Trainee: 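Sharing a structure with you now.
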Amino acid sequence: MQYEYIVLRYGEIALKGKNRKNFTVKLQENVRNKLKEVPDIKIKRQRDRMYVLLNGQDPEPIIEKCRHIFGIHSLSLAIKVENDTEEIKKAALFALEEADGVETFKITAKRTDKSFPIKSQDLNQVLGGYLLSNTDGYTVDVHYPDIELRVEVRQDGTYITSQKIAGAGGLPVGSSGKTLLLLSGGIDSPVAGYLTMKRGVQVEAVHFHSPPFTSERSKQKVFDLARKLTDYGHSIRIHVVPFTKLQQKIHQSIPHGYSMTVMRRMMMRVSEKIAEREGILSLTTGESLGQVASQTMESMHSINEVTNYPVLRPLIAMDKEDIIDISQSIDTYDISIRPYEDCCTVFVPNAPKTMPRREKVNQFEQSADFTEELNETLANIDIVSIKPASEEEREFSDLL
Amino acid sequence: MIYLDNSATTKPYIEVIDSFNQVSEKYFGNPSSIHPTGAEAEKLLLRARQQAASVMDVEEEEIVFTSGGTEGNNTAIKGIALAHQTRGKHIITSQVEHPSVLESCRALEKLGFTVTYLPVDHVGSVSTTDLEAAITEETILISIMHVNNEMGTIQPIKEIGLIAKKYPKLHFHVDNVQGFGKVPLRLADSGIDLCTVSGHKIHGLKGTGFLYVRKGTLLFPLLHGGDQEMSYRSGTENLAGNAALVKAIRIALENQTSKIQHLCHLKETLWNYLSALDQVVINSPKDHAPHIINFSVPGFKPEVVIHALSEKGFYISTKSACSSKQEDQSSVLAACGLPDSRSNHALRISLSYQNKQTEIEEFCKAFSEVLNQLSEVMG
């Protein structure tokens, strides 16, 4: 006997009403995409759950992949047998013995198919008794069992599932539209990207690159960060903006205390243009209130003035430590702390204004004409598509 | 030529040589350079490390590329000893280790360390009871090989790992130069802190290898300098060698089960043949490593047998190549308590999964001829 299915349970989607199908279809598409390199499996969608038919494939790597898919609340391995008491007993025994480090168990039987002769309560007892008399060292614990064996007698067969593995939660990526993430090489912006993806948002990224002040490696760092994010969704397109000319112009023509505010405003303007061009309806940043000079209330007030697109700031109320925790859990932290300059750190003035004023910024900006630089910048944006790591690994594969 | 001396070294895969050539030509940059040539090289190095880590099921930063087995063993043993000597100065190893382990330990003895050389039984196994009894407050390192290079004995590494886990102060190093690819060994969560692997024993190139260093392990490096290899081993990376090593590892671990099965069949053929010969005593334990079989032909000088076989195109060895230039007796076999008649007359056949069944059959024929020939001369 072996496990034949992985059951994927929906989290929040299950609470949806008439639009539920939109979410589940999206989720199925995402699961399919994530598992496209695994041969022979099938993905079946039902109203309240999804099944991955293993057809002999090793379930471990599939579970590992599915654990990163948003919209899945929990996963379990399952065996499907005929609605036959003897078959069900054998399968339950297999599921119990396959589980590691288990001493206590509980059976939760559910009879959806009312034509099955044994009632749920009775089935619990029949199976529990069978397991106890055919094994050594296990005891029943109905309150805090090490493992809960769920037995569901449905019309199409009986499903026996064992350990529940936590999924990533959230909503299927792509079910809540698309955002343009301002991705620097720092710790915060990838976390902001991750959190928006968790709410079902598909992410494209914009990165400001200032050669020769920032190196190829700092660009590579951003690509590597984006690649980590692809674990949770699809490929990510990065709009790489050549920012050197605009930055130099700002540096030359704006008083240094205000140069950073103006730089941020330029980033917003460029990002909005990209979003507009791509049909993206919002911008996302990794700003967290009070963290640095550009993230004060006054700063945001001045910076936000140049766009009327919604700017999502998922980290706005989070502490740095909590952000670092998330970045470690999604494996972006080690990449983020690589020591390369990014465009935000190159021209940073000694004493940036922490409380810039809108009217002042406007006054300074009007004293110089940025149109030419802005247009040139917009005309020279490179788009790079970052593919999931499994595809990227094929690079150099002939050599390794 | 039929080559049956694969524990001395192996013939590199053509793919490995290709990989070495291509990387040497196209990615000659120094991974630490800032320009794109350096960045490309760095990227390839990173990918190589990632792939090695992924097939070994360990973390990237736990793979330290080295120049091979001797460097790996030296780095592990001296590195642990020097970094942790304030905690204690006692090391446990066995009498049948490779010279790179034994000599490292002897060198440390000169620096004031004490070393327990555990005895072995008649087939070369260390006893876990002896080992645990040897552990003291002062013990900072246990170094035991996985597969013995002369006998093919598999040491109880899993059990020793469990013992080592009980003593958080000490480190456990495994010399897996002979076992890699032939006798599976899990590193993650095994109690093993360090593990040496060499490239040229697995159809890779000389001068390549890696040392697994469990995350958080403090080592005093043998080579100081530019802090390459997570500071464990400075020196501009041998990128071409490292890529070639990773390729060899990948090929070695592909279809590992069927390769091991094939080796077992070859060994069985040899075993059945040798055990039926009156003049021959088999020294290797039966169900141990599938690629090494050690036996003695008491009464015949091993060199003579080897030369006679060589004339017919069959290459085997006396004892480990690393010690065959020293005195006649095999110290490993002597440690097993075998009489001089056996330990002075030992021969070793070491197989690769590339050897064919027909080659083994031809060998058996040739060996019988050699025995007859020599018996006539000597008789």
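Note that the coordinates shown come from a computational prediction; the quantities given were computed from them, not determined experimentally.
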Trainee: Given A:Leu400, which of B:Arg47, B:Lys247, B:Gln50 fulfils the side-chain contact (heavy atoms from CB on, under 4.5 Å) condition?
Mentor: B:Arg47
Trainee: Report which part of B:Glu42 has an atom under 4.5 Å of a heavy atom belonging to chain A: side chain, backbone, both, or neither.
Mentor: side chain
Trainee: Under 3.5 Å, side chain of B:Lys43 to main-chain N/O of A:Gln220, donor-acceptor pair present?
Mentor: no
Trainee: Might you confirm whether atom CG of A:Asp58 has over 12 heavy atoms from other residues, nucleotides or ligands at distances under 6.0 Å?
Mentor: yes
Trainee: As a quick check of understanding, evaluate side-chain contact (heavy atoms from CB on, under 4.5 Å) for A:Glu216 and B:Ile34, giving each step before the final call.
Mentor: CA-CA 9 Å; A:Glu216 280 300 304; B:Ile34 291 165; over 6 Å; no
Trainee: Under 6.0 Å from the NZ atom of B:Lys11, do we count more than 12 heavy atoms belonging to anything else shown?
Mentor: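 Not buried by this count: 12 neighbours or fewer within 6.0 Å.
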Trainee: Is it the case that more than 12 heavy atoms not belonging to A:Arg67 sit under 6.0 Å from its CZ atom?
Mentor: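 12 or below, so no.
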Trainee: Looking at A:Arg217 and B:His35, what are the two nearest heavy atoms and their distance?
Mentor: NH1-O, 4.3 Å
Trainee: Within the structure provided, determine whether A:Leu399 and B:Tyr27 are in side-chain contact (heavy-atom separation under 4.5 Å).
Mentor: yes
Trainee: Identify which part of B:Glu60 has an atom lying under 4.5 Å from any heavy atom of chain A, answering side chain, backbone, both or neither.
Mentor: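 The answer is neither part of B:Glu60.
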Trainee: May I ask you to check whether over 12 heavy atoms, not counting those of B:Lys158, lie within 6.0 Å of atom NZ?
Mentor: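 For B:Lys158, atom NZ is not crowded (no more than 12 foreign heavy atoms under 6.0 Å).
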Trainee: Report, as yes or no, whether the 6.0 Å neighbourhood of atom CD on A:Glu103 holds more than 12 heavy atoms from other residues, nucleotides or ligands.
Mentor: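 Count not over threshold, so no.
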